[in-house]
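First up is the structure itself, then whatever we jot down about it.
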Amino acid sequence: MRILIVEDEVRLASTLADILAQAHYLTDVCHDGVSGLDNALSGIYDGVILDVMLPKLDGFQVVRRLREEGCHVPVLMLTARTELSDRVSGLDQGADYYLTKPFETPELLACLRALLRRPGEVRPEDCPKFGDLELDMACGALRREGKSTRLSARELALMQILLSNGSAIVPKETLLLKVWGYDSEAEANTVEVYISFLRKKLQYLHSQVQIAAVRRLGYHLKDGTA
Ligand code: CA
C-alpha cells in the first residue's frame, strides 16, 4: 500500500517514512500543504498522514479541499494540539482519524491499520489470496502450502495489487503509478523487470498461478488449476 506523508518537520517526516517502510508500506513525503494536496489528489494513495500545522496550506484546509474535490482517500491527522476544538474542526473537515504528537510507533501503526480498514471502503485484505497463493503482508512473504519466499517492498506492492484484482487485468500504468509513484523515473519496462522477478518467485514456489501479460493492456493472474 502507498501512503502519502505530509509533514513539514523534516526529521519527523523521515522517521515516519522509516516506520512505515519497516511495516512494508510504500511512502512519499511532502513538506507543505500545497504539494501535499496536489499529491493526495493524484488518486494513487491508499492513505494520507497529514500534519495540521503546515506551510502554505494547513492540514484542515488540505483535508477540506480534498473532500470538496471528491477525493475520499482516508486521512490520519497528526497534531501537537490536543484541544477538543481542533479535533472537532479536523473531523468536521473530513479527517478520519486523529493522532496527537508525540505518539508511539505501535499506536501510529494501529491507527493506520484502522484507517485503511474503514467500514464501507473496499480495501485489500491483509492476506490477499489467489489460487494456491497467499500473501502475508505483515511478514512480507508470498506463500504456497507451507513454502514461502520473501518479497522486496516493490514486489510486495505489485503482488498485492495483482492478487487483489485476481483474474481482472491491471493496466501497466496503474502498477507504475501505485508502486513507483508520480515523481519516480521508473518506466514501463521497470514494471516488466519486477514482474519477471515475481515470476521467478512463483516458479520457486511451484505455484500453479501465472502472471499473464495482455498486450497493450496490462497484467493479470491466471490459475493453472482452474
Ligand atoms: Ca508542522
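Counting starts at 1 for both ligands and their atoms, following the listed order.
The closest approach of D8 to the Ca ion (ligand 1), by N/O/S atoms, is made by OD1.
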Evaluation steps, side chain to side chain donor-acceptor pair (under 3.5 Å), between Y45 and D28: CA-CA 9 Å; Y45 296 100; D28 291 307; 2.6 Å; yes

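Every residue meeting the ring-ring contact (aromatic ring centres under 6.0 Å, His included) condition with Y194, not counting sequence neighbours, appears here in chain and number order: W180, F197.
L177 and L217 fall into different hydrophobic clusters, where Ile, Leu, Val, Met, Phe, Trp and Tyr side chains are chained together by heavy-atom contacts under 4.5 Å.
With a cut-off of 3.0 Å, the Ca ion (ligand 1) has no N, O or S atom of E7 in range.
When OD2 of D51 and O of M53 are joined through the Ca ion (ligand 1), the resulting angle is 80° to the nearest 10°.
Between D18 and R11 there is no salt bridge, since no side-chain nitrogen of the basic residue lies less than 4.0 Å from a carboxylate oxygen of the acidic one.
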